[in-house]
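Here is the structure we will look at.
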Amino acid sequence: MQIIKTVSAMQGMRRGRARTACVPTMGNLHPGHLDLVRIAQQHAGEVVVTLFVNRLQFLPGEDFESYPRTFEADCAALEAAGVQTLFAPTDAELYPEPQVFRTLPPPALADDLEGQFRPGFFTGVATVVNKLFNIVAPDVAVFGKKDYQQLMVIRQMVRQLALPIDIIAGETVRAADGLALSSRNGYLSDTERAQAPFLRQTLTKTGAAAGAELRAGRADLADIEQHACEALRNAGWVPDYVAVRKQSDLQSPSAQDSEVVVLGAARLGGTRLIDNLELSL
Ligand code: PAF
């Protein structure tokens, strides 16, 4: 595998090469990331994985400094997966001057749900992904559905900026007990790890209750969402939100909508976990 650390070397590789798929990551790779690589390999002859812990998407006080950095292990995993190219710039290489130009997602999408609790997060994500796309110039890019709202922000960015890139979604990869794989799961103590599948279980129950309401023609799901937060609180979590939304635009569903997604975010001890569950009614 070729490891590229400078923007100019990465851009130099673009000429005359095969159809290319990009898998943007912040490293600390787990089987969920490797599944995105596998999907990328199905769509293109050349796969470029990017590894960059993007300070723009961390709020002050969040875990930018302590975010797990496991470069050697990540390289070994990517080599074993048959990845040809890893683009792993330093902070100074990607942001040689303050990144004052930003890619600003629409507030209706970016200030809701995750954006309400992590203001500016999606601007940071959109800015770095736009920049990485300009450097790698992929034909295809693969993102996980675990970060459901992020996937939607990127799809909308690519569409509205007419970027010639197909965005492909990878299903969330889960541990045997249902916990969605995430680099932040490593922050959980053994006791918290045992409790962590409760978020997924709560979303599943919420989905069943919301589905019954929508099928009965009732679209006010506020009580059901509050009940889910209450259940999390009673189990020792600090919920940010549990919300039932349309898959198409993450707005609240009407009784006619059949494709919905239940999204949730909650803290267990010092760790903030997110998850979601798509439902076809
Ligand atoms: O999902 C992530 O790991 C990050 O948000 C991404 C897309 C690599 C941008 O930094």
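One-based numbering, in listed order, for ligands and for the atoms of each. Owing to the predicted nature of the structure, the values given are computational and were not obtained by experimental measurement.
At a heavy-atom cutoff of 4.0 Å, ligand 1 is contacted by the backbone of T25 but not by its side chain.
Under a cut-off of 6.0 angstrom, the local environment of NZ in K145 is crowded, with over 12 non-hydrogen atoms contributed by other residues, nucleotides or ligands. Within 6.0 Å of atom NE2 in H227, 12 or fewer heavy atoms from other residues, nucleotides or ligands are found, so the atom counts as exposed in its surroundings.
Residues K131 and L94 approach most closely at NZ-O, 2.6 Å, considering heavy atoms. The minimum heavy-atom distance linking R155 with A169 is given by the pair NH2-CB, 3.7 Å. Closest approach of A265 to R272, counting heavy atoms only: CB-NH2, 3.4 Å.
Residue Q57 has at least one nitrogen or oxygen atom sitting less than 3.5 Å from a nitrogen or oxygen atom of ligand 1, judged on distance alone.
Ranking the protein heavy atoms by distance from atom 5 (O) of ligand 1 puts Q150 OE1, 2.7 Å first. The protein heavy atom nearest to atom 3 (O) of ligand 1 is M26 CG, 3.7 Å.
Residue contact check: V128 has heavy atoms under 4.0 Å from atoms 9 (C), 10 (O) of ligand 1. Proximity to P24 (heavy-atom distance under 4.0 Å) selects the following atoms of ligand 1: 8 (C).
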